[in-house]
**Q** 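Just passing along the structure, written as structure tokens.
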Protein chains: 2
Amino acid sequence: MAKNSQLEESIMKAAEELFLQNGFDATSTTDIAKSAGCTQALVHYYYRTKENLFQQIFTQKFQLLISHIHEKNNQVNDLELALRNFVDSYFDTLSKNRQIPFFLIKELIMNEERRQRMRMRMITDAGSLQYYTDWDKLIKSEIAKGNIRPIDTMDLTIDVVSLVVFTFISLPLYSDLFEQNEEEIRAYLQRRKEEVITLILKGLRK
Amino acid sequence: MAKNSQLEESIMKAAEELFLQNGFDATSTTDIAKSAGCTQALVHYYYRTKENLFQQIFTQKFQLLISHIHEKNNQVNDLELALRNFVDSYFDTLSKNRQIPFFLIKELIMNEERRQRMRMRMITDAGSLQYYTDWDKLIKSEIAKGNIRPIDTMDLTIDVVSLVVFTFISLPLYSDLFEQNEEEIRAYLQRRKEEVITLILKGLRK
DNA sequence: ACTTAGTTTAATAGAGTTATTAAATTGGGT
DNA sequence: ACCCAATTTAATAACTCTATTAAACTAAGT
């Protein structure tokens with residue numbers, strides 16, 4: 001038995017790159033095969049359907065984001081520190097995976113079924129719920145203590161996510177428009193990270 | 001001469017709806033024809049290529065955004081008022097055209113050529129440049145007067161755009177996840193608008 | 001040497017895509 | 001009544017895409 005061909009993994013690697021770069025629709029199994037260095041039929045031999053192959057990559061990237069949120073700031077009871085940690089690590093993770101935000105949002109928006117699957121995953125995931133409850137408690141207590149202005153937890157969450165995620169969604173446009181090279185992009189991201197933290201912290205004062 | 005068929009316009013209307021809803025790739029000229037109530041060949045008779053038809057819609061939606069930014073806050077020299085006006089009218093425009101932000105960003109990100117065309121349009125458009133220069137002057141003067149914290153004009157601009165635009169990009173996910181009906185969505189958007197204004201104004205204080 | 005399971009390819013069915021062409025239809029102008 | 005230009009359709013060329021099938025290949029186990 002000729003086992004454990006390296007092509008199976010090559011296909012997955014090629015698919016990951018192409019799907020992240022161009023999305024589900026704009027990537028054909030022929031493209032994947034060419035990039036992996038095999039016939040198109042082999043892609044289907046190992047993964048049967050394109051959707052199947054895509055699903056694995058999508059789930060993996062989705063988990064990467066979620067798990068990262070969970071592992072950080074577990075028992076932090078200092079809001080400023082929690083926010084700093086969150087934005088900081090979120091920015092760092094996404095800086096190393098810049099296509100992920102647009103990739104996930106695009107595929108979720110453009111596919112009702114994927115959206116339903118995500119929904120199910122979120123509302124049945126005890127970890128996420130617990131995380132949000134703690135987060136909510138922390139904010140409410142800070143408001144009660146008069147340390148920050150009154151604000152709904154969901155609003156604050158969306159503020160933070162908007163500022164972080166949109167940075168990466170708009171990055172291709174920004175770097176193209178201002179002809180930024182890799183080094184300039186890194187500096188830009190660093191600056192944005194600090195501005196986001198500043199805006200949120202200052203914007204929460206009474 | 002049988003002139004002025006109503007089908008030419010029906011095709012454009014159908015194309016607009018389908019392109020905005022599903023994007024360029026996921027819309028076929030057959031879909032457009034079916035929705036317009038004519039043969040697929042007629043779509044090509046009037047617009048020759050799918051790209052052509054798309055181009056007109058894309059440009060129109062792009063202009064809608066730009067022109068709207070220009071017409072508002074022309075000679076406002078009160079930063080708080082300028083920001084309030086901007087966020088307010090931006091939110092209102094997008095509330096009536098909710099798919100536009102994602103539509104434009106997706107098609108720009110996924111097509112290098114469109115990105116280049118946008119770039120050319122932006123850097124040769126005297127109106128936009130003038131607008132940005134005035135805006136920059138206003139912010140610098142407010143910083144000099146000590147009314148707000150030091151902040152780069154581009155950073156502030158990106159802060160505002162992030163908060164506004166991401167609201168609409170993530171809206172399909174949000175409304176699906178929390179099963180919002182139309183009325184709840186309107187209330188949500190109203191609340192977001194106020195929160196964005198608050199966050200920006202408070203976040204600019206020293 | 002030979003079997004056998006896993007790997008890989010060539011070929012192709014079947015559906016869908018854009019775009020073109022030639023023919024048919026329509027209705028106002030003369 | 002007829003012309004003629006604009007409109008509309010049917011048919012089809014020339015792709016591309018996913019998925020399957022049958023055949024060929026490879027190497028480990030006996």
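So you know, we letter chains A, B, ... as the sequences are listed, proteins then strands, and number each from 1.
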**Q** Rounded to the nearest angstrom, tell me the gap between atom CG in A:Leu42 and atom P in D:dT26.
**A**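 Result: 14 Å.
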**Q** Within the structure, does a side-chain N or O atom of B:Tyr46 lie under 4.0 Å from either OP1 or OP2 of D:dT8?
**A**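 Checking D:dT8 against B:Tyr46, a side-chain N or O does come within under 4.0 Å of OP1 or OP2.
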**Q** Where each residue is assigned the nucleotide of DNA chain D containing its nearest heavy atom, which of A:Arg48 and A:Asp31 is assigned the position nearer the 5′ end?
**A**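 Closest to the 5' end, via its nearest nucleotide, is A:Asp31.
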**Q** To the nearest Å, give me how far apart CD (B:Gln40) and P (D:dT9) are.
**A**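 Result: 11 Å.
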**Q** Can you tell whether the side chains of A:Lys13 and A:Glu16 come within less than 4.0 Å, N to carboxylate O?
**A** no
**Q** Find the distance A:Asn22:CG to D:dC17:P and express it as a whole number of Å.
**A**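 A:Asn22 atom CG is separated from D:dC17 atom P by 12 Å.
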**Q** Once you round it to whole Å, what is the distance between C1' of D:dT18 and CG of A:Asn52?
**A** 13 Å
**Q** Heavy atoms from C-beta onward define the side chain here; which of D:dA10, D:dT18, C:dT20 lies closest to that of B:Thr39?
**A**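 Per side-chain heavy atoms of B:Thr39, the pick is D:dA10.
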**Q** Phosphate oxygens OP1/OP2 of D:dC17: is one of them under 4.0 Å from a side-chain N or O of A:Ser28?
**A**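 Indeed, a polar side-chain atom of A:Ser28 lies that close.
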**Q** Calculate the interatomic distance between B:Glu8 atom CD and D:dA6 atom P; express it in whole Å.
**A**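 Nearest whole value for this atom pair: 13 Å.
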**Q** Which of these passes ring pair (Phe, Tyr, Trp, His ring centres under 6.0 Å) with B:Phe103: B:Phe54, B:Phe62, B:Phe24, B:Phe19?
**A** B:Phe54
**Q** Among C:dT20, D:dA19, C:dA10, which is the nearest nucleotide to the side chain of A:Thr49?
**A** D:dA19
**Q** How many Å lie between CG on B:Leu53 and C1' on C:dT18, as a whole number?
**A** 13 Å
**Q** For B:Tyr45 and D:dT7, is the shortest distance between a side-chain N/O and OP1 or OP2 below 4.0 Å?
**A**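 For D:dT7, OP1 or OP2 has a side-chain N or O of B:Tyr45 closer than 4.0 Å.
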**Q** Would you say A:Thr29 and A:Gln40 are linked by a side-chain donor-acceptor pair, where the criterion is simply a distance under 3.5 Å?
**A**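 Looking only at side-chain atoms, A:Thr29 and A:Gln40 do form a donor-acceptor pair, the distance falling under 3.5 Å.
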**Q** Rounded to whole angstrom units, what separation is found between the CG atom of B:Asp25 and the C1' atom of C:dG16?
**A**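 Answer to the nearest Å: 14 Å.
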**Q** Looking only at side-chain N and O atoms, does A:His44 come under 4.0 Å of OP1 or OP2 in D:dT18?
**A** no
**Q** Nearest-Å distance, CZ (A:Phe24) to P (D:dT18)?
**A**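 For the pair A:Phe24 CZ and D:dT18 P, the rounded distance is 8 Å.
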**Q** Yes or no on salt bridge (Lys or Arg N to Asp or Glu O under 4.0 Å) for A:Arg98 and A:Glu182, after CA distance, side-chain angles and deciding distance?
**A** CA-CA 12 Å; A:Arg98 295 177 194 168; A:Glu182 185 52 34; 2.8 Å; yes
**Q** Of the listed nucleotides (D:dT21, C:dA19, D:dT9), which one gets closest to any side-chain atom of B:Ala41?
**A**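 Of all the options, the side chain of B:Ala41 is nearest to D:dT9.
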**Q** Check this for me: does any side-chain nitrogen of one of A:Arg192 and A:Glu195 sit under 4.0 Å from a carboxylate oxygen of the other?
**A** no
